[in-house]
Asker: 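Sharing a structure with you now.
One-based numbering along the sequence shown. Given the structure is predicted, the values throughout are model-derived calculations rather than measurements.
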Amino acid sequence: MSKTVSTSTIALVKATVPALEAHGLDIVREMYSRMFRNPEIRDLFNQSHHDGVGAQPRALTGAILAYASNIDNLAVLGPAVERIAQKHVGLQILPEHYPHVADALLGAIKAVLGDAATDEILAAWGEAYWFLANILIERERNIYTEQKSADGGWNGWRDFRVEEIIEESQLIRSFVLRPADGGSIIRHKPGQYLTFWLDVPGHPPLKRNYSISNAPNSAVYRISVKREPQGLASGWLHDNAKPGTILKVSAPAGEFFLPENVERPVVLLSGGVGLTPMVSMLETLVERGSAVPVHYIHGTQNRATHAMRDHVRKLASNGTAVSITAFHEEPLTDEVQGHHYEQVGRVTDEWLLTNTPVDVADYFICGPRPFLHATVSTLAAAGVPASRIHYEFFGPADEVLAA
């Protein structure tokens, strides 16, 4: 982000911040309404994030406001841009899609703000949009090139066959996927996700991200999917995917991953289905024979919802410095502490700060938004620098501009 937009545009965009604070959500909803009139553009998006709750419109509103507020200090947006680019690549967003978003955004600003959206304001926002869009387009082009050129790499949607289905808990089921063409696959970075194009009868194509839950290899991916109460995609996978089912998959993506060289203690902290990228990381560390201390900490309701428990404990028995702590919020009556779980309740701030090496560890965290917010806030307040706090959550990210 070495270049900047013009001084006049910076001034005009920053001047619109109060209007965005007051009317940003209306602008974003109008923008999506305009874009979704085009089925080709509509089908790029995860429609579950655009339901009555409006999670994605709120996330985009926050992202636009952050961009407008920091347009004169774009370096702070670097991590957000990388997250957006990775999401876009998973969804197969291409340069030709960006003009549709520009037209919808500028049209929405005019429709909502009326006469306050002067030609000068619209021109400034047009310049600001295309400045950011070109940064994203360039980064996405590089990611697509890396994916295509990697061993086992591909661009676009590739057919994978479901090879095996594993019941991990009452709610979570794993799907082992092998390329239908018999070729090799990209060795993903532990923590990354796959994006799926699902054709569900009676619905537009569904796009969903699922974290890869096994260590990198050249043959198969494993995803572990929780059946959500109203989850159209997860419900379809649980009810309809069988061994032999073909699924359309884009190449691994995501900026949340375990680095190649791990030199500090690692804390893998998860809640619920957030364990999926953690299992990939744990498998990887054990396979590498890593000597760094690894603290695997997982919270769930009880034995019935505790996915991959035996697998994780077997991994720990093979690791030279792996400790396991399971928190069961409401243990079943026949559960035995010390066997089925280690701690009752949820992971508390006090327990985390007392039982993990706060002064030196890298923390990798995944789970529901409240879990993440509380944990990240606790670590930051304890003095853990942002460079050692890495996190991922499932759902629309506040920084994502189109997902």
Asker: Please report whether the ring centroid of His306 lies less than 6.0 Å from that of His298.
Answerer: yes
Asker: For Arg227 and Ser234, does a side-chain donor sit closer than 3.5 Å to a side-chain acceptor?
Answerer: no
Asker: With a cut-off of 6.0 Å (strictly less than), are more than 12 heavy atoms of other residues, nucleotides or ligands near CD of Gln337?
Answerer: yes
Asker: Would you call Asp199 and Lys248 a salt bridge, taking side-chain N to carboxylate O under 4.0 Å as the test?
Answerer: yes
Asker: Distance only, no hydrogens: is a donor on one side chain within 3.5 Å (strictly under) of an acceptor on the other, for Thr305 and Gln170?
Answerer: no
Asker: Return the set of residues passing salt bridge (Lys or Arg N to Asp or Glu O under 4.0 Å) with Arg264 (not counting sequence neighbours), or none when no residue passes.
Answerer: Asp362
Asker: Would you tell me whether Gln301 and His328 have side-chain atoms, one donor and one acceptor, within less than 3.5 Å of each other?
Answerer: no
Asker: Testing Leu194, Thr284, Asn214 for side chain to side chain contact (heavy atoms under 4.5 Å, CB included) with His188, which one passes?
Answerer: Asn214
Asker: So, Thr276 versus Tyr210: side-chain donor-acceptor pair below 3.5 Å or not?
Answerer: no
Asker: Between Glu127 and Thr9, do the side chains contain an N or O donor and an N or O acceptor separated by less than 3.5 Å?
Answerer: yes
Asker: Which pair of non-hydrogen atoms, one from Pro331 and one from Asn302, has the smallest distance, and what is that distance?
Answerer: CA-CB, 4.1 Å
Asker: When you check the gap from the basic side-chain N to the acidic O, do Arg139 and Glu82 get nearer than 4.0 Å?
Answerer: yes
Asker: Does Glu96, at its CD atom, have more than 12 non-hydrogen atoms belonging to other residues, nucleotides or ligands within less than 6.0 Å?
Answerer: yes
Asker: May I ask you to decide if the ring planes of Trp125 and Tyr67 are parallel, tilted or perpendicular, using 30° and 60° as cut-offs?
Answerer: perpendicular
Asker: Verify whether the ring centers belonging to Tyr341 and Phe327 lie closer than 6.0 Å.
Answerer: no
Asker: Hydrogens and angles aside, do Trp351 and Asp349 bring a side-chain donor and acceptor to less than 3.5 Å of each other?
Answerer: no
Asker: Could you tell me how the ring of Tyr98 sits relative to the ring of Tyr129: parallel (under 30°), tilted (30 to 60°) or perpendicular (over 60°)?
Answerer: tilted
Asker: Fit a plane to each ring of Tyr221 and Phe160, take the angle between them on a 0 to 90° scale, and name the class: parallel (under 30°), tilted (30 to 60°) or perpendicular (over 60°).
Answerer: tilted
Asker: Taking 4.0 angstrom as the limit, do Lys110 and Glu30 come out as a salt bridge?
Answerer: no
Asker: Counting distance only, does the side-chain N/O of Glu164 pair as donor-acceptor with the main-chain N or O of Val176 below 3.5 Å?
Answerer: no
Asker: Any salt bridge linking Arg309 with Glu335? Criterion: basic side-chain nitrogen under 4.0 Å from a carboxylate oxygen.
Answerer: no
